[in-house]
Structures are given as C-alpha cells and as structure tokens.
Amino acid sequence: MADSKEQATSGGQSASRRVAGSVGEKAQQVLKEDYDKARTLAFDALKSRAYLYPIKGIFYFLTHRSLWKPFTSRLAPYIGLSVSVIGSMFAFTYLPQLAVLVFVNGPLAVFSTVLVVLNESSTIVNIVARNWFLQDALLDTFDGTLIARNNTAIVSEGREVKSGSDPMARLGRILKSPFDKFSITALVRYIIHLPLNFIPVVGTVIFIVLQGRSRGQRVHGRYFQLKKWSARQREGWLEKHTGPYTSFGLVATLLEMVPVVSIFFTYTNTVGAALWAADIEAMNTSMTDETAPTLREAAKKVE
C-alpha cells in the first residue's frame, strides 16, 4: 500500500515536472518570437530613418513662411485650450495618480506621473482640437507641403488646385473629406493601455511606445486617401512598414507632449508626414527599395 502511494506521488511529481518543463519551453519560445519581432521592427525603423521626418518637418516649416498661415490662424484658441487642459490635469489628477504610482515606482513616481499627465493632457487636447478647429488647418498644411514639394498631381485628386507660386494660395475647394477624426477605438485603446504605467519605468516607456505606434498609423491618412487606396491596401502597407511608422509616431508623440508649444509640433509633424509622403511618391526614401511599378504591384496584391 505504501509502495503504491510512493509510486503515485512519484508519478505525480514527474507529471508536474513535465508540465512545468513544457510551460517553460513555451514561454521561452514566445519570448524569443517577441524579441525577434521587436528586433526586426527596430531594424526596419532604423533603416527607414522615418524617425527623422518629424525633425525635418520642423526645419522645413521654419524655412517656408507660406506654410505658417494655417498655424497662426489657430494659435490663440489652441494655446488657450492647452493651458486650460494642462493646468486642470495637474491641479486635479497629478496628486491622485502620484499617490497610486508611488507604490509601484517609488521615488521615480514623481517623474513618471508627470509623463503620464502630460500624455493624458496631450491626448485630450488632440481629441478636442482635431475634432473642432484644427482639422481643416492641418489638412491645408499637409496638402500645401505636398504642393511645395511639386506633388500637385496627387493633391488634385482630393481638392482643386489653382495656379500660382504660393503653395497655400493654390489650395482650392476640397473634393474629398479630410483626415479621419480621433476615433473611439483609439480612445478605448488608450484607456486600456493606461495601467501599464503601474509598471516601474518600463511600463511608462512601453505605454508611450504604444501611443507612438497608434499615432504613426494615422499620419498618412490623407496620403492614402489621395492615393485612392482601399482599407485593405492601407492595412497591408501599414503592416509591412510597422517599424517606420512606429518610429515616426514615437518621435511625434514625444514632441506633442511638450506643454503649450505642442501646437507648433502638431503642425511640424504634419509637415514631416507630408515630406515623407512626397519622398515615398518619388521613391527617394530608404523605407522601401521598391520601384514605382513594383509598388503598384504590391498594392494590387492586397486588394
């Protein structure tokens, strides 16, 4: 009887070890796959240099005064909105969130909470601004930049283009609806990702990266519209170039988190996205080695 119990115990322990070993092997496999995927995305992002376009947008915007009109026309209301939102967020949400984060982040909670509040404020400002008074101005900025880069033909697919030398003065009546507004799906995804900030340091970094990825997927909405790409074509292109768009979105997100002056970076990021689109059109970007004919073929395959 005792021997039977010992054998049963021994058999149970062996089964447990096999299960534990199987779970451990599976976990290692998953981690390796995730690591390989992250490494591939990072390599694609570095190779594409897409993260430089938000910086290029700053210099291009500053050196092309003709692009300033949409920016200056919306400056006062945007600054008022930003100051109100950021001030209110720090006054009413900083201390409660600090009280929670201090238990998981320790002394670093002071800094991580600031990043969280700034990100939350940036999201609120973007939702309100893009849905109420920035949409047309950013659309004009994107189209005007494309015209300044001699991409009149593609802009004419979405609006009337007049003659002249000033790219902004050449913008005529809009023929196609502008950028997509901030979607409910994006807002829900943002709320779902918020708890990541409870993970010390790493969680906040992952949270910002995820926001950058979401931001990157929206930067070429107008470009895809002008290209007349279907939803399936857009998804195929974005999936193929996840690394570059994530790197662009990450830099753009960090710039737009800067208090008050975030409106400036909102416009320069739009300029940067248009410059990137112009380079894709000319096939002068290192994001892809495809020629124009093979690009068309790739687009047809995902239809």
Side chain to side chain donor-acceptor pair (under 3.5 Å) between Glu120 and Gln97, worked out
CA-CA 12 Å; Glu120 292 168 344; Gln97 293 185 87; 3.0 Å; yes
Worked verdict on Glu256 versus Arg215 for side-chain contact (heavy atoms from CB on, under 4.5 Å):
CA-CA 11 Å; Glu256 291 179 16; Arg215 176 77 171 82; 2.6 Å; yes
Run the side chain to side chain donor-acceptor pair (under 3.5 Å) check on Tyr53 and Asp279 step by step: do they pass?
CA-CA 10 Å; Tyr53 280 99; Asp279 282 345; 2.6 Å; yes
What heavy-atom pair brings [X] and [Y] nearest, and what distance separates the two atoms?
{"X": "Tyr60", "Y": "Ala148", "value": "OH-CB, 3.4 Å"}
{"X": "Leu101", "Y": "Thr113", "value": "CD1-OG1, 3.3 Å"}
{"X": "Ala274", "Y": "Leu146", "value": "O-CD2, 3.5 Å"}
{"X": "Leu226", "Y": "Val155", "value": "CD2-O, 4.1 Å"}
{"X": "Gly144", "Y": "Pro167", "value": "O-CB, 3.5 Å"}
{"X": "Phe92", "Y": "Pro96", "value": "O-CG, 3.5 Å"}

If you measure from the Lys or Arg side-chain nitrogens to the Asp or Glu carboxylate oxygens, is any gap between Glu281 and Arg149 under 4.0 Å?
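A salt bridge is absent here (no side-chain N lies under 4.0 Å from a carboxylate O).
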How many angstroms lie between [atom1] in [X] and [atom2] in [Y], if you round to the nearest 0.5 Å?
{"X": "Lys240", "Y": "Leu238", "atom1": "NZ", "atom2": "CG", "result": "12.5 Å"}
{"X": "Ser122", "Y": "Met89", "atom1": "OG", "atom2": "CE", "result": "11.0 Å"}
{"X": "Tyr94", "Y": "Leu118", "atom1": "OH", "atom2": "CG", "result": "10.0 Å"}
{"X": "Tyr267", "Y": "Thr72", "atom1": "OH", "atom2": "OG1", "result": "8.0 Å"}
{"X": "Ile86", "Y": "Ser121", "atom1": "CD1", "atom2": "OG", "result": "5.5 Å"}
{"X": "Ser88", "Y": "Ile124", "atom1": "OG", "atom2": "CD1", "result": "9.0 Å"}

With sequence neighbours left out, write down each residue that passes salt bridge (Lys or Arg N to Asp or Glu O under 4.0 Å) with [X], or none if nothing qualifies.
{"X": "Glu239", "value": "none"}
{"X": "Glu235", "value": "none"}
{"X": "Arg65", "value": "none"}

Is there a side-chain contact (heavy atoms from CB on, under 4.5 Å) between Tyr223 and Ile154? Walk through the geometry before answering.
CA-CA 9 Å; Tyr223 175 56; Ile154 189 171; 3.7 Å; yes
State, with a plain yes or no, whether a side-chain heavy atom of [X] is found less than 4.5 Å away from one of [Y].
{"X": "Val219", "Y": "Phe248", "value": "yes"}
{"X": "Val261", "Y": "Val258", "value": "yes"}
{"X": "Met168", "Y": "Pro70", "value": "yes"}
{"X": "Thr253", "Y": "Arg213", "value": "no"}

Output, in order, the C-alpha distance, side-chain angles, deciding distance and verdict of side-chain contact (heavy atoms from CB on, under 4.5 Å) for Arg173 and Leu175.
CA-CA 6 Å; Arg173 182 170 60 91; Leu175 303 176; 3.7 Å; yes
Ring centres under 6.0 angstrom apart (Phe61, Phe71):
yes
Side chain to side chain donor-acceptor pair (under 3.5 Å) partner of His220, chosen from Tyr245, Trp276, Trp229
Tyr245
Only one of Asp143, Asp140, Asp136 passes salt bridge (charged side-chain N to carboxylate O under 4.0 Å, His left out) with Arg222; say which it is.
Asp143
Show, in sequence, the C-alpha distance, side-chain angles and deciding distance for Val161 and Ile147, and conclude whether the side-chain contact (heavy atoms from CB on, under 4.5 Å) test is met.
CA-CA 9 Å; Val161 180; Ile147 291 178; 4.0 Å; yes
Take atom NZ in Lys56; do more than 12 heavy atoms of anything else shown fall under 6.0 Å from it?
yes
Might you confirm whether atom CZ of Phe133 has over 12 heavy atoms from other residues, nucleotides or ligands at distances under 6.0 Å?
yes
Think Lys227 forms a cation-pi with Phe224, using NZ or CZ under 6.0 Å from the six-ring centre and within 45 degrees of its axis?
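No; the conditions do not both hold, so Lys227 does not lie above the ring face of Phe224.
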